[in-house]
Amino acid sequence: ILVATLLLLPRWTPTWGATEAEVARTLPGDELIERVPGDSTHAATIDAPPEEVWPWIAQIGDDRGGFYSYTFIENLLQVAAAGGEAIYHNANRILPQFQHPQPGEGLVMDSLKVYDVEPGKWLLAAQSTEAGEFDWVWLWHIEPVGTNETRLLVRMAIRLPGVTGSSVVSKVTDLGAFVMGQRMIAGLKLRAEGGTEPAWIEVVEILLWLTSLVTGLGAAVLFVRRPAWQAPLLLGLAALFTLLWFTFWQPSIWLRLLFDIALFILLLWVARRAPRAIAVTKSERRATEAMVPGRW
């Protein structure tokens, strides 16, 4: 199942939320790097006019307004790459000092920088190699839809040195970028529509994810150690699919909580049921031995 996920998801995740026309559309930044099928074009419709969406895009950046994604992952990567303090914090308000991004300003550790910007329409960031070629191009593009909505397009292309588009490393990287990117779009949409993200939300998400993982591991132990293996196997598969659902589809907190409670109750039920199956099996064996002496 994990191998199938690794192979199949990258065929779907690069175009999450976007139409075929939007994927084929030429956008700012396409001239900097040759597009390949694995490059992502993600999209979402935001229930707010562009003038209310743009301020949240304008302040994007590691030590600016953040990226509205999983800060604990971003900070782990930042500390591992550059050391020092965790600098990623997602803003829940408009920051006036970051409302006018200029070409050359750093967005990710001064490596990914603002390349060009059209205020109110799009922000383009890029990273170049020593040879002057671009190996990371990231675009946030917005335009009005109807009278009070905004269509957000996020296009990103990354070229890892020595990694081909069909390699396992590239697929894992693409899936990781998808998880972070999906959360970023959801976070941006939430804020632009007038919502806020509680400070405790990431801790709760981690705990709910770990609960599904622990349930799956518990089912695996029961599967190995109990003769009645069918129920633990089904529970383990349910926990695995729940983990994939939590990771790639990111449902609401309340749905995650309900599924975790259900999984945990099922784990307790299976754990109590399995020994009974063993006891019945032993009693049946003793009865058979008594009825047919010497058979065993």
Side-chain angles (χ1 to χ4, degrees), residues 17 27-29 40 42-82 84-127 136-144 149-156 158 176-206 250:
L27 296 173
S40 65
H42 297 154
T45 299
I46 300 175
D47 294 326
E51 57 268 22
E52 295 181 10
V53 177
W54 174 253
W56 297 102
I57 295 176
Q59 66 187 31
I60 278 178
D62 50 13
D63 58 353
R64 296 159 59 88
F67 286 94
Y68 317 121
S69 188
Y70 293 109
T71 57
F72 74 95
I73 296 178
E74 293 168 334
N75 283 317
L76 283 175
L77 295 175
Q78 192 274 336
V79 171
E85 299 180 357
I87 61 175
Y88 287 89
H89 303 281
N90 292 329
N92 272 323
R93 62 184 180 87
I94 302 299
L95 304 174
Q97 66 272 32
F98 298 127
Q99 288 304 301
H100 305 285
Q102 300 297 316
E105 292 181 352
L107 295 187
V108 179
M109 297 183 292
D110 289 329
S111 176
L112 182 73
K113 299 181 180 182
V114 175
Y115 183 84
D116 200 359
V117 58
E118 180 67 30
K121 295 184 178 180
W122 47 265
L123 174 67
L124 176 63
Q127 174 182 282
W136 187 1
V137 176
W138 202 354
L139 171 74
W140 295 265
H141 183 282
I142 61 173
E143 58 189 7
E149 291 182 330
T150 299
R151 189 63 173 170
L152 169 67
L153 296 178
V154 180
R155 178 168 291 175
M156 183 168 62
I158 298 180
F178 168 74
V179 171
M180 299 297 289
Q182 187 183 24
R183 176 57 184 266
M184 178 193 67
I185 291 177
L188 199 159
K189 176 179 170 69
L190 171 69
R191 290 164 173 81
E193 292 178 350
T196 58
E197 193 172 75
W200 46 262
I201 194 70
E202 289 191 34
V203 175
V204 172
E205 286 184 288
I206 294 172
Q250 301 173 13

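All values reported here derive from a predicted model rather than from experimental measurement.
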Does the pair Q99 and Q59 meet the rule for a side-chain contact (heavy atoms from CB on, under 4.5 Å), with working shown? CA-CA 6 Å; Q99 288 304 301; Q59 66 187 31; 3.1 Å; yes
First locate atom CE of M156, then atom CG of L112, and finally report the distance between them rounded to the nearest 0.5 Å. 9.5 Å
In terms of heavy-atom contacts, R151 and A44 come closest through NH1-C, 3.5 Å
Which residues share a side chain to side chain donor-acceptor pair (under 3.5 Å) with T71, sequence neighbours left out: E202
Can a donor-acceptor pair be found, under 3.5 Å and without considering hydrogens, that links the side chain of T150 to the backbone of I46? no
For Y68 and I60, which heavy atoms make the closest approach, and how far apart are they? CE1-CG1, 3.8 Å
Note, R191 side chain near N90 side chain (heavy atom, < 4.5 Å): yes
For E193 against D47, the heavy-atom pair lying closest together: OE2-N, 2.9 Å
Residues R183, E74; criterion salt bridge (Lys or Arg N to Asp or Glu O under 4.0 Å); working and verdict: CA-CA 12 Å; R183 176 57 184 266; E74 293 168 334; over 6 Å; no
Counting C-beta onward and ignoring hydrogens, is there a side-chain heavy-atom pair between Y88 and D63 closer than 4.5 Å? no
Write down the atom of V179, the atom of Q250, and the distance for their closest heavy-atom approach. O-NE2, 3.1 Å
Side chain to side chain, T45 and L152, heavy atoms closer than 4.5 Å: no
Which class fits the ring pair F67 and W138: parallel under 30°, tilted 30 to 60°, perpendicular over 60°? parallel
If we ignore hydrogens and angles and just use 3.5 Å, is the side chain of N75 paired with the main-chain N or O of I87 as donor and acceptor? yes
Nearest 0.5 Å, please: how far is CD1 in I206 from CD1 in I201? 11.0 Å
Quick one: does Q102's side chain get under 4.5 Å of V117's, heavy atoms only? no
Relative to the ring of F72, is the ring of Y70 parallel (under 30°), tilted (30 to 60°) or perpendicular (over 60°)? perpendicular
Counterpart residues, ring-ring contact (aromatic ring centres under 6.0 Å, His included), relative to Y115 (two or more places apart): F134
Reported CD-to-CD1 distance for the pair Q127 and I158, which is rounded to 0.5 angstrom: 8.5 Å
Check whether E143 reaches the backbone of H141 with its side chain - one donor and one acceptor, N or O, closer than 3.5 Å. no
Using a 4.5 Å cut-off on heavy atoms from C-beta on, say whether the side chain of P28 contacts that of L139. yes
Using modelled atom types only, decide if a donor and an acceptor are shared between the side chain of E197 and the backbone of A91 within a distance under 3.5 Å. no
Compare every heavy atom of A48 with every heavy atom of A192, then report the nearest pair and how far apart it is. O-CB, 3.5 Å
Please round to the nearest 0.5 Å and tell me the distance separating atom NZ of K189 and atom CH2 of W56. 14.5 Å
What verdict does the side-chain contact (heavy atoms from CB on, under 4.5 Å) test give for L27 and W122, after you've listed the backbone C-alpha separation in whole Å, the side-chain angles of each residue and the deciding distance to 0.1 Å? CA-CA 10 Å; L27 296 173; W122 47 265; over 6 Å; no
With side-chain contact (heavy atoms from CB on, under 4.5 Å) as the test, would you mind laying out the steps for M109 and D62 before giving the verdict? CA-CA 7 Å; M109 297 183 292; D62 50 13; 4.0 Å; yes
Using the side-chain contact (heavy atoms from CB on, under 4.5 Å) rule, take R64 and L107 through it: C-alpha gap first, then chi angles, then the decisive distance, then the call. CA-CA 8 Å; R64 296 159 59 88; L107 295 187; 4.0 Å; yes
Can you give me the closest heavy-atom contact between V154 and W140, atom names plus distance? CG2-CD1, 3.9 Å
Check this for me, if you would: do E105 and K113 make a salt bridge, where the nitrogen-to-carboxylate-oxygen distance has to be below 4.0 angstrom? no
